Amino acid sequence: MAESNGASNFIRDIVLADRAAGKHGGRVVTRFPPEPNGHLHIGHAKSICLNFGLAQDAPGGICHLRFDDTNPTTEDPAYVRSIQEDVRWLGFDWGDKMFFASDYFERLYSFAEGLIRKGKAYVDSLTADEMRSYRGTLTEPGKNSPYRNRSVEENLDLFRRMKAGEFPDGAHVLRAKIDMASPNINLRDPALYRIRHATHYRTGSAWCIYPGYDFAHPLSDAIEGITHSICTLEFEDHRPLYDWVVAESESPHRPQQIEFARLNIGQAVMSKRKLLELVEKKLVTGWDDPRLPTLKGLRRRGYTPEAIRAFCEHIGVAKRDAVVEMQLLEHFIREDLNKRSQRVMGVLKPLKVVIDNYPEGASEELDAVNNPEDPSAGTRKVPFARTLYIEHDDFLEDPPKQFFRLAPGREVRLRYAYIVKCVSVARDPRTGRIIELRCTYDPETRSGAPQAQRKVKATIHWVSAAHAVKGEVRLYNSLLKTDLAKVPPDQDWTTYLNPQSLEVVSGCQVEPSLGEARPGERFQFERLGYFCADPDSRPGAPVFNRTVSLKDAWSRMDKGSAGK
RNA sequence: UGGGGGAUCGUCUAGCGGUAGGACGCCAGCCUUUGGAGCUGGCUACCUAGGUUCGAUUCCUAGUCCCCCAGCCA
């Protein structure tokens, strides 16, 4: 199971204090309670890391995986499988503690009848619209429903008949009898059960009434002996109701609800509703589109669970609304991949180079370091020959002062190979486009040779034309042109999608070993970034997703002077 | 407007009456056969106004601004 480094936060402090005080017998039991109606995203990862992390920190602590499946109309077993897969991938283990709120339906129903017997719940027969108007507003108190004083017998009878399926959807609802004048709207007789003639993916047609969140959640926590029930800020108002339900259930367990601020990331789509919209309108390729902050998307993009966990640990846990910059997430994946990824050379936009003084038909194998950060990763051989491809961006016919790379008459080192000098430029007579460079090489400067020490301003990557494998590279940019928080609510947010979020580069030339790259394998393409082989790869025709670029001092300078 | 929360560098976050710290980012330099990595140095913050105190980001008072709540969603 993933380790946690124990960065302090206010929730950890509460748990620590509770343990020290012997509250809950010193035990720590948390839960991660997703509704199986969507796929997990990085925001869920924050909650997962928090809940599982808290449990790991405590001796004997445990974190349950509980599916909060109380709404049959939106839930699907495919999501249950997906969520389990993603939590495991992130590096957490719930052991045998996987539960479903739907498994508690029978007990929840009994609790509800108990509430009715105590006169703490009643069947209301107002329509949804009527109920809304009876509820009052933020500033005016609500009014009691005319059905509020039904007798216990009548309520019991009606509730049982609701369960038996005698009424259509919406005909009645079971409500808690609390206080229609409460300044907290959640306490104005909240709905506990609604009629829904729908097939539930787990209980089938056994039920036609389903408990709501405010009833099922606290009770599920109590049933499971949850000690700390951690949720997001919007449920803060529900806490009095949560406590009311637990107290009325007379459960010996009194879980404590604690709220924290959900994760927001600038220029990322994080809401379930919007993610669904993107997928359904086919504005992205699917839930695993690498532009999405879903766990599946991040995985396909090449993110590691370790990087995501490190990110979640470092963003902290607090109560103030916050928007974390995407650069922070990128920092953690770079940091992780820098240490562990194999270096390779790949040319995205090839420019042909012929080494005039290199013997025709000859070739040699040069030693390349697999990972300068990890000597144990060893070396590999890369083939060198007379005709090469270099990155088109590494050549400029009329270079500005700051440009260190190849230009007419200039020298650069070819990584792991020789120093070459550009002697001429060939262009397409029709389009004027540069199609080929002629260079000469200095045989004395082969990497590792005594004369190789000669300094040149730059080292560039390359591949041998005869040996290279053709591949496709997918470059990703922000899916959004702006932070969603800045988009006026009356506007269609999808008009802010970045048309350049995906750039497919075909005709890339990569070093031979990459022809057989397996989906999910990660590499650093030297000088370019980290790349991950996509499932669309075929033998001899690899496809790579750019996880994140390397930091690039030149592109920053280039942009900085673009206005001049 | 009722209720519930929250305000600390550009962005996250620490602090619990005693020099406001860390990370990302940015800037400068060193180093470098990745303009990567690494190293060094620098940058910028306590919402406002009063009060208590020898001393306030912290305590008190009054404001200001931001977020959430009127689903038979979670």
Side-chain angles (χ1 to χ4, degrees), chain A residues 7-9 33-35 37 68-71 73-74 124 126-128 131-133 135-142 169-175 182-188 190-196 209-210 212-214 216-217 231-240 259 261 263 266 272 311 314-332 334-335 338-339 343 345 369 372-373 402-405 412-417 419 445 447-448 452-461 524-530 549-557:
Chain A
S8 160
N9 63 59
E35 183 187 13
N37 69 348
D68 217 342
D69 53 355
T70 57
N71 185 350
T73 59
T74 59
D124 198 358
L126 252 26
T127 65
M131 217 191 275
R132 192 173 9 259
S133 64
R135 189 155 28 231
T137 69
L138 293 179
T139 53
E140 307 156 54
D169 287 8
H172 306 284
V173 61
L174 183 75
R175 301 178 73 176
S182 172
N184 181 346
I185 290 180
N186 296 296
L187 262 21
R188 321 242 260 230
L192 266 21
Y193 265 90
R194 69 283 209 194
I195 299 172
R196 201 138 292 180
I209 57 171
Y210 292 90
Y213 169 88
D214 285 314
H217 201 89
C231 61
T232 41
L233 252 28
E234 67 269 28
F235 294 106
E236 214 152 12
D237 288 347
H238 294 238
R239 195 188 328 136
E259 310 84 13
L263 170 64
K272 255 187 197 179
F311 170 76
H314 284 256
I315 52 175
V317 178
K319 295 195 71 157
R320 76 182 80 108
D321 298 305
V323 183
V324 176
E325 291 173 334
M326 191 56 115
Q327 295 157 104
L328 190 62
L329 217 208
E330 292 180 342
H331 162 77
F332 284 104
R334 284 194 186 102
E335 183 178 73
N338 175 48
K339 282 179 298 199
R343 270 60 171 173
M345 290 196 284
V369 172
E373 305 293 317
Q402 304 272 52
F403 187 83
F404 301 153
R405 282 107 94 153
V412 294
R413 171 172 292 281
L414 297 176
R415 181 81 161 148
Y416 304 123
I419 291 174
T445 59
S447 261
Q453 305 307 315
R454 189 149 68 80
K455 296 276 184 253
V456 285
K457 292 278 267 184
T459 298
I460 64 173
H461 60 278
Q524 184 198 89
F525 284 17
E526 290 209 46
R527 305 206 308 126
L528 297 176
Y530 297 97
S549 67
L550 250 31
K551 285 207 257 179
D552 180 358
W554 162 248
S555 76
R556 243 180 292 148
M557 261 183 280

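Any value given below was found using the heavy atoms of this structure, including those in side chains, with hydrogens, waters and symmetry copies removed. Throughout, a chain's letter reflects where its sequence line sits, starting with A, and its residues are numbered from 1. The structure displayed is predicted, hence computed values, not measured ones.
Inter-residue side-chain proximity for A:His331 and A:His314 is flagged as unmet; no heavy-atom pair is nearer than 4.5 Å. At least one side-chain heavy atom of A:Ile460 sits less than 4.5 Å from a side-chain heavy atom of A:Leu414. A 4.5 Å side-chain heavy-atom check between A:Val324 and A:Leu263 finds at least one atom pair inside the cut-off.
The line from CG of A:Leu233 to CG of A:Asp321 is 6.0 Å long, rounded to the nearest 0.5 Å. Summarising the geometry, atom CG belonging to A:Asn186 is positioned 11.5 Å from atom CD belonging to A:Glu236; distances are rounded to the nearest 0.5 Å. Atoms OG1 and CD, from A:Thr445 and A:Gln453 in turn, are 11.0 Å apart once rounded to the nearest 0.5 Å. With rounding to the nearest 0.5 Å, the separation of CG in A:Asn37 from NZ in A:Lys272 is 3.5 Å. Here the straight-line distance linking atom CG of A:Asn71 with atom CZ of A:Arg196 works out to 5.5 Å at 0.5 Å rounding.
Considering only side-chain N and O atoms, A:Lys457 lies nowhere under 4.0 angstrom from the phosphate OP1 or OP2 of B:G35. Between A:Arg527 and the phosphate of B:G35, there is a side-chain N or O to OP1/OP2 separation shorter than 4.0 Å.
Distance check on atom P: B:U58 versus B:G17 gives 11 Å, rounded to whole Å. Between B:U44 and B:G38, the distance separating the two P atoms is 24 Å to the nearest Å. Remark: the separation of the C1' atoms in B:G18 and B:U40 is 32 Å, to the nearest Å. Atom C1' of B:C65 sits at a distance of 15 Å from the matching atom of B:U8, rounded to the whole Å. A distance of about 39 Å separates the C1' atoms of B:A14 and B:G71, rounded to the whole Å. Remark: the separation of the P atoms in B:G15 and B:U19 is 15 Å, to the nearest Å. Distance noted for atom P between B:C47 and B:A20: 15 Å (whole Å). For the C1' atom pair drawn from B:G35 and B:G22, the interatomic distance equals 28 Å after rounding to whole Å.
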Protein-nucleic acid N or O pairs under 3.5 Å, nucleotides 56-59 of chain B:
none

Which atom pairs link the protein and nucleotides 39-44 of chain B when you take only N or O atoms and keep those under 3.5 Å?
none

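Here A:Arg405 lies in heavy-atom contact (under 4.0 Å) with a base. At the heavy-atom level, A:Lys339 lies nowhere under 4.0 Å from the strands shown. Nucleic acid contact class of A:Phe311 (heavy atoms, under 4.0 Å, all strands): none.
For the side-chain contact (heavy atoms from CB on, under 4.5 Å) test, residues two or more places apart in sequence or in another chain that qualify with A:Pro240 are A:Asn184, A:Leu187. Taking A:Ile209 as the reference, A:Tyr109, A:Phe159, A:Met162, A:Lys163, A:Tyr193, A:Ile195, A:Trp207 meet the side-chain contact (heavy atoms from CB on, under 4.5 Å) condition, with sequence neighbours excluded. Partners of A:Glu325 according to the side-chain contact (heavy atoms from CB on, under 4.5 Å) rule, which considers only residues two or more places apart in sequence or in another chain, are A:Gln327. Applying the side-chain contact (heavy atoms from CB on, under 4.5 Å) criterion to A:Asp552, with sequence neighbours excluded, gives A:Trp554, A:Ser555. Residues satisfying the ring pair (Phe, Tyr, Trp, His ring centres under 6.0 Å) test with A:Phe235, not counting sequence neighbours, are A:Tyr213, A:His238. By the ring pair (Phe, Tyr, Trp, His ring centres under 6.0 Å) test, A:Phe525 pairs with A:Phe531, A:Phe544, sequence neighbours left out. For A:Phe311, the ring pair (Phe, Tyr, Trp, His ring centres under 6.0 Å) criterion is met by no residue, not counting sequence neighbours.
In this structure, CZ of A:Phe332 is placed 8 Å from C1' of B:C24, rounded to the nearest angstrom. Remark: P of B:U34 and NE2 of A:His461 are 14 Å apart, rounded to the nearest angstrom. Taking atom CG on A:Asp552 and atom P on B:C26, their separation rounds to 12 Å, with Å as the unit. In this structure, A:Glu335 places its CD atom 12 Å from P of B:A23, rounding to the nearest Å. Note: CD (A:Gln453) to C1' (B:C31) measures 15 Å, nearest angstrom. Following rounding to the nearest Å, A:Arg334 (CZ) and B:G38 (P) show an atom-to-atom distance of 11 Å. Residue A:Ile460 contributes atom CD1, which lies 16 Å from atom P of B:G36 at whole-angstrom precision. Atom C1' of nucleotide B:U32 and atom CZ of A:Arg343 are separated by 14 Å, given to the nearest angstrom.
Looking at A:Arg188, its side chain does come within 3.5 Å of a backbone N or O of A:Ser182 through a donor-acceptor pair. Of the possible polar contacts, one joining the A:Tyr416 side chain to the A:Val369 backbone as a donor-acceptor pair under 3.5 Å is found.
Between the base of B:U34 and the side chain of A:Thr459 there is no donor-acceptor pair shorter than 3.5 Å. One cannot find a donor-acceptor pair under 3.5 Å joining the base of B:G3 and the side-chain atoms of A:Glu236. Contact annotation: side chain of A:Gln524 to base of B:U34, donor-acceptor pair present below 3.5 Å.
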### Message
One character per nucleotide, please: for nucleotides 10-16 of chain B, 5' to 3', B when the base has a protein heavy atom closer than 4.0 Å, S when only the sugar-phosphate does, - otherwise.
### Response
BSSBS--
### Message
Can you build the contact string for nucleotides 68-74 of chain B? Use B for base contact, S for sugar-phosphate-only contact, and - for no protein heavy atom under 4.0 Å.
### Response
BBBSBSB
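By the rule that a glycosidic angle within 90° of 0 means syn, B:G71 counts as syn.
For the residue pair A:Thr459/A:Glu526, the side-chain donor-acceptor check at 3.5 Å is not satisfied.
Counting only Watson-Crick and G-U wobble pairs whose two key distances fall under 3.5 Å, RNA chain B forms stems of three or more stacked pairs at B:2-7 with B:64-69, B:10-13 with B:21-24, B:25-30 with B:38-43, B:47-51 with B:59-63.
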